Amino acid sequence: MKEVKYEGMTFVPYISREEIDARIKELGKDITRDCAGKMPLFLCVLNGAFPFASDLFRAAEGIDGEIAFIRLKSYDGTSTTGKVKQLMGLEKDIEGRTVIIVEDIVDTGNTIHNLIATLKEKNPADVKIATLLFKPDALEKPIKPDYVGFSIPKKFIIGFGLDINEKARDLNDIYVLKD
Ligand code: IMP
Ligand code: MG
C-alpha cells in the first residue's frame with residue numbers, strides 16, 4: 001500500500017482491508033448474539049456506509065435481519081456543514097422493530113443524532129448504532145454507538161466508502177490525511 005492523492009492532498013495507509021474484514025466479522029458476531037430472535041432492520045446510511053453495511057449484514061448471517069437504505073449528507077469537502085440533509089427517506093414501517101443504524105463514521109454525532117430523533121417518531125422498539133469508525137474527541141452530541149469498528153483520533157480519513165468530495169470510496173483500505 002502506498003500514498004494516494006486527491007484534490008492536491010496526500011493520504012497515507014491507516015487501516016488495512018484485512019483488519020477491517022476481521023473487525024467486521026467480530027461485530028457481526030456481537031450483533032448475532034445481541035439481536036437473535038429480534039429480526040433487526042439494518043438501516044444503511046448512504047452513501048458512505050454501503051461497503052460496511054454490505055459486509056456487516058452478511059457477517060450477521062442467520063438472524064433473519066433485513067436491510068433498508070436512507071441517504072443523508074452533512075459534509076462538504078473535509079469539514080462538516082453542521083446541517084444534515086435527508087436526500088432519500090425511509091419507506092419501511094419500523095414500529096415495534098429493532099433498528100440498527102449502520103454508519104461509516106460518527107464524527108460530531110450530528111447526523112446520527114438527527115436520524116435517531118426522526119426514527120423515534122416512528123415508534124421503533126429499539127434503535128442501535130453500528131459505526132465502522134468513531135471519532136470520540138469530535139463528538140458534540142449525547143450519543144453512544146453500540147457497535148464500533150475502530151475508535152480513531154480527530155483526523156480526516158478516506159476509503160472503504162468514505163469520500164473526499166465523492167472520490168476515494170472505492171479504496172479497499174482506509175487512508176488518513178498526511179500531516
Ligand atoms: P457527523 O454528523 O459530524 O457525525 O458526520 C457524519 C458524516 O460525515 C459521516 O457519515 C461521513 O459521511 C462524514 N465524515 C465525517 N468524518 C469524515 C472523515 O474523516 N472522512 C470522510 N467523511 C467523514
Ligand atoms: Mg456518511
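Sequence positions, counted from 1, serve as the residue numbers for this chain. Order of appearance sets the numbers: ligands from 1, and atoms from 1 within every ligand. The structure presented is a predicted model; accordingly, all values stated were derived computationally and were not measured.
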Legend entry - Which of the ligand 1 atoms, numbered from 1, are nearer than 4.0 Å to a heavy atom of K155: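 What qualifies from ligand 1 is 19 (O).
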Legend entry - Element-labelled atoms of ligand 1 that are located less than 4.0 Å from some non-hydrogen atom of D163: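 Every atom of ligand 1 under 4.0 Å from some heavy atom of D163: 21 (C).
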Inset, instruction - Using side chain to side chain contact (heavy atoms under 4.5 Å, CB included) as the criterion, point out the one residue from I15, I105, I174, V106 that pairs with L132. - result: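 Option passing the side chain to side chain contact (heavy atoms under 4.5 Å, CB included) with L132: I174.
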Inset, instruction - Please say whether D107 places an N or O atom under 3.5 Å from an N or O atom belonging to ligand 1. - result: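 Yes; at least one N/O pair falls below 3.5 Å.
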Inset, instruction - Before signing off on this row, confirm whether L162 and ligand 1 have an N or O atom pair separated by under 3.5 Å. - result: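 No - when backbone and side-chain N and O of L162 are compared with those of ligand 1, no distance drops under 3.5 Å.
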Inset, instruction - Please verify whether a non-hydrogen atom of G48 lies at under 4.0 Å from ligand 1. - result: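 Checking ligand 1 against G48, which is what was asked, there is no heavy-atom contact under 4.0 Å.
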Legend entry - Flag if over 12 foreign heavy atoms under 6.0 Å of CD, E61: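 Atom CD in E61 is not crowded, with 12 or fewer foreign heavy atoms closer than 6.0 Å.
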Inset, instruction - Give a yes or no on whether K155 atom NZ has more than 12 heavy-atom contacts from other residues, nucleotides or ligands under 6.0 Å away. - result: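 No, the 6.0 Å shell around NZ holds no more than 12 heavy atoms from other groups.
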Legend entry - Pair D34-Y147, side-chain donor/acceptor within less than 3.5 Å: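 Yes, because at least one side-chain N or O of D34 sits under 3.5 Å from a partner of the opposite role on Y147.
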Legend entry - Residue selection (non-hydrogen contact nearest atom 16 (N) of ligand 1) among R169, H113, K135, E140: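 Shortest heavy-atom distance from atom 16 (N) of ligand 1: K135.
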Which one holds for [X] and ligand 1: side chain close, backbone close, both close, or neither close, with close meaning a heavy atom under 4.0 Å?
| X | value |
| --- | --- |
| D104 | side chain |
| I157 | both |
| E103 | side chain |

Inset, instruction - Kindly determine whether L119 and I101 satisfy side-chain contact (heavy atoms from CB on, under 4.5 Å), including the steps that lead there. - result: CA-CA 10 Å; L119 294 178; I101 299 172; 3.8 Å; yes
Legend entry - Contact check, side chains of L162 and R169, non-hydrogen atoms, under 4.5 Å: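 The answer is no; the side chains never approach within 4.5 Å.
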Donor-acceptor list for residues 51-58 side chains, cut-off 3.5 Å, not counting sequence neighbours:
{"residue": "S54", "atom": "OG", "partner": "R58", "partner atom": "NH2", "Å": "2.9"}
{"residue": "D55", "atom": "OD1", "partner": "R58", "partner atom": "NH2", "Å": "2.9"}
{"residue": "D55", "atom": "OD2", "partner": "R17", "partner atom": "NH2", "Å": "3.2"}
{"residue": "R58", "atom": "NE", "partner": "S54", "partner atom": "O", "Å": "2.9"}

